Amino acid sequence: MKRTKIIEALRGDAGRADILVKGWVRTRRDAKDVSFLEVNDGSCRANIQVVADAGMEGYSLLKDMGVGSAVGVRGELVASPGKGQRWELRAASVVLIGAADQESYPLQKKRHSDEFLRTIAHLRPRTNKYGALFRIRSELSFAIHEFFHDRGFAYVHSPILTGSDCEGAGEMFRVTSLGARETAGLSSGERAAKDFFGKDAFLTVSGQLAAEVFACSLGDVYTFGPTFRAEHSDTSRHAAEFWMLEPEMAFADLVDDMDLGEALLKSLTDAVLSRCASDVELFASFVDKELPGRLVNIRDKPFVRLPYGEAVEILAGCGQGFQYPVGFGLDLQSEHERYLAEVHCGCPVIVYDYPKEIKAFYMRQNDDGRTVAAMDVLAPGIGEIIGGSAREERLDVLEARVAELGLTMDDYWWYLDLRRFGSVPHAGFGLGFERLLMLLTGITNIRDVIPFPRTYRHLEF
RNA sequence: UCCCCGGUAGCUCAACCGGCAGAGCGGGUGGCUGUUAACCACUAGGUCGGGUGUUCGAAUCACCCCCGGGGAGCCA
């Protein structure tokens with residue numbers, strides 16, 4: 001007999017004579033001649049209540065069906081006479097699929113701390129909170145593909161391995177197939193020549209350059225995949241491996257870029273609100289009481305758009321005592337970003353036209369000669385959630401900027417070729433997927449929104 | 001890398017000014033005629049993160065180290 005998923009069993013409007021449910025026991029309550037099993041199979045937040053009467057086939061197995069054990073239950077789905085659930089499964093027979101030793105099973109019925117659950121990342125998805133979280137993560141990934149697919153964007157698989165050591169966004173992990181013995185005594189150049197690719201190889205820090213290439217051929221594209229940073233950042237918002245979404249549009253300017261970013265965030269927020277209502281409710285109850293209001297706010301209220309110069313004036317004149325100085329040419333600090341989003345605007349805010357000194361070389365220079373067409377979306381509680389720009393498509397301007405900064409583009413002849421042959425204005429942005437999840441769930445530590453977090457000094461599981 | 005807070009039973013935490021190591025939950029055993037993170041009774045369970053020092057006496061005070069958390073910088 002085929003198993004019925006619990007989400008399916010609980011969704012109907014009628015009882016069912018004979019179904020088979022499989023899942024893990026969340027708790028068991030025994031009375032003298034009847035036992036109640038709460039079984040969860042991960043398909044939804046809700047458990048199904050199994051009622052097992054003495055004398056039922058397999059009743060003697062019940063004593064081994066403790067918390068965490070895997071069971072199969074066949075029986076009749078009937079309206080529940082008890083409070084707390086609409087349907088229950090009146091068991092005709094039960095089987096023990098996989099026992100869980102009660103003395104050593106680490107999950108208890110009661111709430112655990114996030115810190116403890118991180119030490120058992122292989123079991124934490126079996127808890128209500130992490131089950132809900134990882135269902136949302138999955139739904140959100142799907143919603144991203146839907147959003148772009150509906151708009152005619154092509155999904156580009158940017159490479160994970162790269163031979164370029166300055167994609168422009170931080171420290172990189174070097175990849176090698178050589179052991180210590182094979183490299184002993186070699187210079188770095190000799191070592192690179194002997195290595196797998198005949199040159200140094202790294203894990204990518206961004207798919208942007210590949211996205212630009214494909215935008216300048218397929219038009220509208222996006223990349224969505226893992227990226228890697230070897231920075232020694234040890235904070236609740238940084239991981240060494242994280243997922244990044246990077247759309248890129250040809251024939252587009254900064255306004256198009258901002259429009260896309262705002263539409264994307266609104267669409268994804270709506271998707272989570274409408275498709276994961278029960279899971280969102282869990283986060284509203286146990287993680288962040290203000291979550292539903294914040295999500296509705298993101299979905300419904302137009303984002304404020306603020307030129308960097310105005311943002312600086314607001315910060316300088318607001319009377320707030322900031323720890324770091326405010327002034328044109330200085331980068332916005334966390335405290336400034338949060339003031340703008342949380343206090344001044346009360347909703348996500350897009351700051352744009354930043355001084356060129358504090359932004360990357362590839363960003364398109366504005367006519368004022370001192371700013372670039374860059375934009376950051378700052379979200380309440382999180383800070384920067386999106387960072388993007390129009391790209392410098394004018395070869396001479398780009399080369400001048402590269403020279404000015406003392407960079408070398410030797411490895412990027414192909415990137416410059418985009419500006420040599422049929423160059424077009426184009427724009428895009430990067431969105432940190434984990435940070436988006438934090439924004440949409442209220443979870444405050446990045447290690448708790450990724451299945452197996454990789455952070456500085458931590459590589460478990 | 002810097003600043004702050006913490007580490008006591010499997011988990012979450014108490015232990016006041018230095019004086020016998022505690023509770024709830026979880027586990028085990030037994031009980032209970034429909035329970036809702038059930039309930040009742042009994043019970044097992046400790047290198048007080050590690051080291052050094054001060055003291056008649058250290059979970060408690062001092063110093064060093066390890067680990068965890070929060071914040072900052074950098075960023076996504």
Side-chain angles (χ1 to χ4, degrees), chain A residues 25-38 40 46-54 63 66-68 78 80-85 88 90 100-120 123 127-128 168-171 204-208 224 226-246 286 322-324 331-338 358-360 376-379 382-388 429-439 444-450 455-458:
Chain A
V25 173
R26 283 294 175 78
T27 179
R28 190 184 80 216
R29 297 181 288 271
D30 295 324
K32 190 174 185 184
D33 292 316
V34 62
S35 285
F36 300 88
L37 288 176
E38 295 282 343
N40 186 287
N47 305 323
I48 194 165
Q49 172 166 283
V50 171
V51 186
D53 285 311
K63 62 174 176 16
V67 176
V78 298
S80 175
K83 289 197 170 81
Q85 62 281 319
E88 65 185 23
R90 181 164 290 283
D101 175 55
Q102 294 301 289
E103 276 187 56
S104 50
Y105 186 63
L107 288 176
Q108 58 190 36
K109 287 181 266 188
K110 270 220 158 170
R111 200 196 144 106
H112 290 284
S113 67
D114 293 322
E115 292 79 13
F116 171 67
L117 290 171
R118 266 172 227 153
T119 68
I120 48 168
L123 294 173
T127 65
N128 288 332
E171 293 294 312
T204 185
V205 295
S206 165
Q208 181 190 316
F224 180 38
T227 50
F228 307 87
R229 305 277 167 92
E231 258 134 41
H232 295 185
S233 305
D234 191 10
T235 84
S236 54
R237 292 185 306 282
H238 291 86
E241 175 183 298
F242 63 98
W243 279 59
M244 191 148 64
L245 168 67
E246 294 174 289
F286 298 114
F322 291 117
Q323 191 187 341
Y324 287 86
D331 211 348
L332 299 181
Q333 304 295 319
S334 292
E335 56 178 351
H336 305 140
E337 295 181 347
R338 295 191 57 166
I358 60 175
K359 288 293 179 183
D376 287 346
V377 180
L378 312 178
I382 296 286
E384 185 183 331
I385 183 84
I386 282 179
F429 62 77
L431 177 152
F433 185 58
E434 282 74 23
R435 290 193 183 170
L436 177 65
L437 266 167
M438 292 165 74
L439 177 68
T444 55
N445 196 313
I446 197 168
R447 288 172 277 236
D448 297 331
V449 296
I450 191 164
T455 59
Y456 183 56
R457 295 277 176 202
H458 295 275

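As the structure is a prediction and not an experimental result, all values here were calculated from the model.
Taking atom C1' in both B/rC67 and B/rC48, the straight-line distance is 16 Å, to the nearest Å. For the P atoms, the distance from B/rA76 to B/rC16 is 49 Å, rounded to whole Å. Comparing the P positions of B/rA62 and B/rG19 gives an interatomic distance of 15 Å, to the nearest angstrom. Comparing the same atom, C1', in B/rG27 and in B/rU12 gives a spacing of 16 Å after rounding to whole Å. A distance of about 7 Å separates the C1' atoms of B/rA15 and B/rG22, rounded to the whole Å. Comparing the same atom, P, in B/rG53 and in B/rA9 gives a spacing of 26 Å after rounding to whole Å. Comparing the P positions of B/rG49 and B/rG6 gives an interatomic distance of 13 Å, to the nearest angstrom. A distance of about 15 Å separates the C1' atoms of B/rG68 and B/rG50, rounded to the whole Å.
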Which dot-bracket string fits RNA chain B when only Watson-Crick or G-U wobble pairs with both atom distances under 3.5 Å count, crossing pairs get [ ], and | stands for a partner on a different strand? (((((((..((((.....[..)))).(((((.......))))).....(((((..]....))))))))))))....
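Between the side chain of A/Glu231 and the backbone N or O of A/Glu171, at least one donor-acceptor pair lies under 3.5 Å. For the pair A/Gln85 (side chain) and A/Gln49 (backbone), a donor-acceptor distance under 3.5 Å is absent. A distance-only check finds a donor-acceptor pair linking the side chain of A/Glu246 to the backbone of A/Gly207 [under 3.5 Å]. The backbone N or O of A/Tyr324 lies less than 3.5 Å from a partner atom in the side chain of A/Glu335, making a donor-acceptor pair.
Applying the side chain to side chain donor-acceptor pair (under 3.5 Å) rule to A/Glu434 yields the partners A/Arg137; only residues at least two apart in sequence or on another chain are considered. Take A/Arg237 and apply the side chain to side chain donor-acceptor pair (under 3.5 Å) test, not counting sequence neighbours, and it matches no residue. Residues that satisfy the salt bridge (Lys or Arg N to Asp or Glu O under 4.0 Å) test with A/Arg29, not counting sequence neighbours, are A/Glu38.
Atom CG of A/Asp101 is separated from atom C1' of B/rG28 by 11 Å (rounded to the nearest Å). Regarding A/His112, its NE2 atom lies at a distance of 15 Å from the C1' atom of B/rC13, rounded to whole Å. What separates NZ of A/Lys359 from C1' of B/rA76 is a distance of 11 Å, to the nearest Å. The distance between atom CD of A/Gln102 and atom P of B/rC11, rounded to the nearest whole Å, is 16 Å. Whole-Å rounding puts the A/Gln208 CD to B/rC75 P distance at 15 Å. Rounded to a whole Å, the CE atom of A/Met438 is 13 Å from the C1' atom of B/rC75. Between A/Ile386 atom CD1 and B/rC75 atom P there is a gap of 18 Å when expressed in whole angstrom units. Between the C1' atom of B/rG27 and the CD atom of A/Glu103 lies a distance of 6 Å, rounded to the nearest Å.
Remark: A/His112 NE2 to A/Leu117 CG distance equals 6.0 Å, nearest 0.5 Å. Note that CH2 of A/Trp243 and CD1 of A/Ile450 are 9.0 Å apart. Values are rounded to the nearest 0.5 Å. The CZ atom of A/Phe433 sits 13.0 Å away from the CZ atom of A/Phe242 when rounded to the nearest 0.5 Å.
If you check every strand for non-hydrogen atoms under 4.0 Å, A/Ile385 touches sugar and phosphate atoms only. Contacts of A/Phe116 with the nucleic acid, taken as non-hydrogen atoms under 4.0 Å apart, involve only primed sugar atoms and P, OP1 or OP2.
Glycosidic conformation at B/rC17 (O4'-C1'-N9-C4 for purines, O4'-C1'-N1-C2 for pyrimidines): syn, within 90° of 0.
Test A/Leu439, A/Leu436, A/Val377 against A/Ile382 for side chain to side chain contact (heavy atoms under 4.5 Å, CB included) and you get one pass: A/Leu439.
Mapped onto RNA chain B by nearest heavy atom, A/Val34 and A/Pro106 fall at different nucleotides, with A/Pro106 at the one closer to the 5' end.
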Using nucleotides 64-74 of chain B, report all nitrogen or oxygen pairs with the protein that are shorter than 3.5 Å.
{"unit_1": "B/rG68", "atom_1": "OP1", "unit_2": "A/His458", "atom_2": "ND1", "d": "3.3"}
{"unit_1": "B/rG68", "atom_1": "OP1", "unit_2": "A/His458", "atom_2": "NE2", "d": "3.0"}
{"unit_1": "B/rG69", "atom_1": "OP1", "unit_2": "A/Arg118", "atom_2": "NH1", "d": "2.7"}
{"unit_1": "B/rG70", "atom_1": "OP1", "unit_2": "A/Asn445", "atom_2": "ND2", "d": "2.8"}
{"unit_1": "B/rG70", "atom_1": "OP2", "unit_2": "A/Asn445", "atom_2": "ND2", "d": "3.2"}
{"unit_1": "B/rG70", "atom_1": "OP2", "unit_2": "A/Arg447", "atom_2": "NH2", "d": "3.3"}
{"unit_1": "B/rG71", "atom_1": "OP2", "unit_2": "A/Ser236", "atom_2": "OG", "d": "2.8"}
{"unit_1": "B/rA72", "atom_1": "OP2", "unit_2": "A/Arg237", "atom_2": "NH2", "d": "3.4"}
{"unit_1": "B/rA72", "atom_1": "O2'", "unit_2": "A/Tyr324", "atom_2": "OH", "d": "2.8"}
{"unit_1": "B/rG73", "atom_1": "OP1", "unit_2": "A/Gln333", "atom_2": "OE1", "d": "2.5"}
{"unit_1": "B/rG73", "atom_1": "OP2", "unit_2": "A/Ser334", "atom_2": "OG", "d": "3.2"}
{"unit_1": "B/rC74", "atom_1": "OP2", "unit_2": "A/Gln333", "atom_2": "OE1", "d": "3.3"}
{"unit_1": "B/rC74", "atom_1": "O2", "unit_2": "A/Ser233", "atom_2": "OG", "d": "3.2"}
{"unit_1": "B/rC74", "atom_1": "O2", "unit_2": "A/His238", "atom_2": "NE2", "d": "3.4"}
{"unit_1": "B/rC74", "atom_1": "N3", "unit_2": "A/His238", "atom_2": "NE2", "d": "3.0"}

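A donor and an acceptor atom, one from each side chain of A/Thr455 and A/His458, are nowhere located under 3.5 Å apart.
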In B/S/- notation (B base, S sugar-phosphate only, - none; protein heavy atoms under 4.0 Å), nucleotides 35-43 of chain B written 5' to 3' is BBBB-----
